[in-house]
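Below, each value reflects all heavy atoms present in this structure, side chains not excepted, and no hydrogens, waters or symmetry copies. Here is how names work: the chains are called A, B, and so on, in the same order as the sequence lines, proteins then strands, and each is numbered from 1.
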2 protein chains.
Amino acid sequence: MPLDLPSDSDTATLAETFRLLGDPTRLRILFFCLEAPRSVGDIAESLQLSQSLVSHHLRLLRGARLVRGNRLAKQIFYELSDKHVSGMLADMAHHVREDD
Amino acid sequence: MPLDLPSDSDTATLAETFRLLGDPTRLRILFFCLEAPRSVGDIAESLQLSQSLVSHHLRLLRGARLVRGNRLAKQIFYELSDKHVSGMLADMAHHVREDD
DNA sequence: CAAACATATAAATACATATTCATATGTTTG
DNA sequence: CAAACATATGAATATGTATTTATATGTTTG
């Protein structure tokens, strides 16, 4: 199957997604939210990041619809919103442990 | 399954891989080499990129072992060297077309 | 409604990196 | 071995971006 090349638009979309995944801080945030929805404060405290930094990164992830926030009382809980991406992340997390 | 968080080292490795995938030019190169091993000149001509730019990007991809080059006479043919990554790329290329 | 709390935004800075242009390295063939 | 060819490297530049500090927005509860 020849798998013809993705269009420029699709390539741009994919690259943008990968670019967002390509930062260690954002990746940590995503993996943390992959286990369960997490509040901004919990992310900041658990990952030892400033609240501001977490919020900035969440904005980028939100913008690309990689993450979605649900308000519960004062807090906003973030979770992964793209099944392809969350599945792929779980996969990669598994693969990166193997040394084949 | 709780899926405990990747180590810092694994996170760094993953982020580095994603960072490299997060550039449209590099992604185009990778997709092009995904179909078949391609020479530097063929990549440059087919994707309308300067030979220098292609070579710079290939160096980065080589450094991360995402790509591997085999010399045949004067030319060097590059192909994807990481099965996880090539499989994942083919997957993503497929998924990005669907609008679900 | 005011105080407290949780999250978001703005501006500034320091650092990374994609691209170009020029040149070098290495390989083949006459 | 020299000329031609294919690829790689170096330096320079321009642009992007991660992080910090300070402040604003919005939500809840007393």
Side-chain angles (χ1 to χ4, degrees), chain A residues 8 11-33 36-81, chain B residues 8 11-33 36-81:
Chain A
D8 282 7
T11 302
T13 303
L14 272 179
E16 171 66 5
T17 299
F18 286 131
R19 190 182 65 78
L20 289 169
L21 299 178
D23 175 83
T25 303
R26 274 194 296 271
L27 251 196
R28 294 212 298 147
I29 292 174
L30 287 171
F31 276 120
F32 189 58
C33 295
R38 310 284 194 181
S39 75
V40 178
D42 192 10
I43 298 170
E45 187 182 343
S46 297
L47 304 184
Q48 297 266 67
L49 303 168
S50 78
Q51 179 269 315
S52 175
L53 182 56
V54 172
S55 201
H56 277 295
H57 282 306
L58 287 173
R59 183 149 79 110
L60 297 175
L61 296 170
R62 246 187 292 132
R65 303 191 176 281
L66 292 180
V67 115
R68 167 184 47 200
N70 292 311
R71 174 146 237 151
L72 276 186
K74 293 181 185 172
Q75 301 171 21
I76 300 180
F77 289 82
Y78 282 90
E79 63 189 332
L80 294 239
S81 62
Chain B
D8 281 7
T11 302
T13 303
L14 272 180
E16 171 66 4
T17 299
F18 286 132
R19 190 182 65 78
L20 289 169
L21 299 177
D23 176 83
T25 303
R26 274 192 297 268
L27 251 195
R28 294 212 297 146
I29 293 174
L30 287 171
F31 277 120
F32 189 59
C33 295
R38 310 284 195 180
S39 76
V40 178
D42 191 10
I43 298 171
E45 187 182 343
S46 298
L47 303 184
Q48 298 265 69
L49 303 168
S50 78
Q51 179 269 317
S52 174
L53 183 56
V54 172
S55 199
H56 277 296
H57 282 306
L58 286 174
R59 183 149 78 112
L60 297 176
L61 296 170
R62 246 186 293 132
R65 302 191 178 281
L66 292 180
V67 116
R68 167 183 45 201
N70 292 312
R71 174 147 236 150
L72 276 186
K74 293 181 185 173
Q75 301 171 25
I76 299 180
F77 289 81
Y78 282 91
E79 63 189 332
L80 294 241
S81 62

Show me the pairs that pass side-chain hydrogen bond (donor to acceptor under 3.5 Å, both in side chains) and involve residues 21-32 of chain A, at least two apart or across chains.
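Counting only pairs at least two positions apart or across chains, the side-chain hydrogen bond (donor to acceptor under 3.5 Å, both in side chains) contacts touching residues 21-32 of chain A are A/R26-A/H57.
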
Enumerate the side-chain hydrogen bond (donor to acceptor under 3.5 Å, both in side chains) contacts for residues 64-76 of chain A, please, sequence neighbours excluded, ordered by first and then second residue.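 Sorted result for residues 64-76 of chain A: A/N70-A/E79.
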
### Task
Applying side chain to side chain contact (heavy atoms under 4.5 Å, CB included), run through A/I76 and A/L58 and close with a yes or a no.
CA-CA 11 Å; A/I76 300 180; A/L58 287 173; over 6 Å; no

If the condition is side-chain contact (heavy atoms from CB on, under 4.5 Å), which residues does [X] pass it with, not counting sequence neighbours?
X	value
B/A44	B/V54
A/R59	A/R62
B/A12	none
B/E45	none

task = Check every nucleotide of DNA chain D for an atom under 4.0 Å from a heavy-atom of chain A, then give the first and the last such nucleotide from 5' to 3'.
result =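 Here the contact window of chain A covers D/dT17 to D/dT28.
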
Using 0.5 Å steps for rounding, measure from the [atom1] atom of [X] to the [atom2] atom of [Y].
X	Y	atom1	atom2	result
B/C33	B/L47	SG	CG	8.0 Å
B/L49	B/F32	CG	CZ	10.5 Å
A/Q48	A/L53	CD	CG	12.5 Å

Taking Watson-Crick and G-U wobble contacts under 3.5 angstrom, with | marking pairs to another strand and [ ] crossing pairs, the secondary structure of DNA chain D is written ||||||||||||||||||||||||||||||

Going by heavy atoms closer than 4.0 Å, what residues in residues 11-26 of chain A are next to DNA chain D?
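Correct list: A/R19, A/D23, A/T25, A/R26.
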
**Message:** Contact list please: residues 45-53 of chain A against DNA chain D, heavy atoms, distance less than 4.0 Å, in numerical order.
**Reply:**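 Within this stretch, A/S52, A/L53 sit under 4.0 Å of the strand.
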
- Item | B/L27 to A/T11 - nearest heavy-atom pair and separation |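 For B/L27 versus A/T11, the nearest heavy atoms are CD1-O, 3.7 Å.
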
Practice task
Over all heavy atoms of both residues, which pair between A/L21 and A/L30 is shortest? Give the atoms and the distance, please.
Solution key: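 Nearest pair, atom of A/L21 first, then A/L30: CD2-CD1, 3.3 Å.
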
**Message:** Suppose we screen for side-chain hydrogen bond (donor to acceptor under 3.5 Å, both in side chains). Which residues come up paired with A/S46, at least two apart in sequence or across chains?
**Reply:**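 For A/S46, the residues satisfying side-chain hydrogen bond (donor to acceptor under 3.5 Å, both in side chains) (neighbours in sequence not counted) are A/D42.
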
(request) Would you please test B/L80 and B/V67 for side chain to side chain contact (heavy atoms under 4.5 Å, CB included) and show each step? (result) CA-CA 4 Å; B/L80 294 241; B/V67 116; 4.0 Å; yes

Taking only heavy atoms on the protein side, list every residue of residues 61-77 of chain B lying under 4.0 Å from any atom of DNA chain C, sorted numerically.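 Within this stretch, B/R71, B/A73, B/K74 sit under 4.0 Å of the strand.
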
Q.
Heavy atoms only, 4.0 Å cut-off, all strands: where does B/H56 land among base, sugar-phosphate and nothing?
A.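 Base, at least one base heavy atom under 4.0 Å.
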
- Query: When all nucleic acid strands are considered with a 4.0 Å heavy-atom cut-off, which category describes A/L60: base, sugar-phosphate, or nothing?
  - Reply: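 Sugar-phosphate, no base atom in range.
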
Tell me: NE2 of B/H57 to C1' of C/dA16, nearest whole Å?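 Taking NE2 of B/H57 and C1' of C/dA16, I get 14 Å after rounding.
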
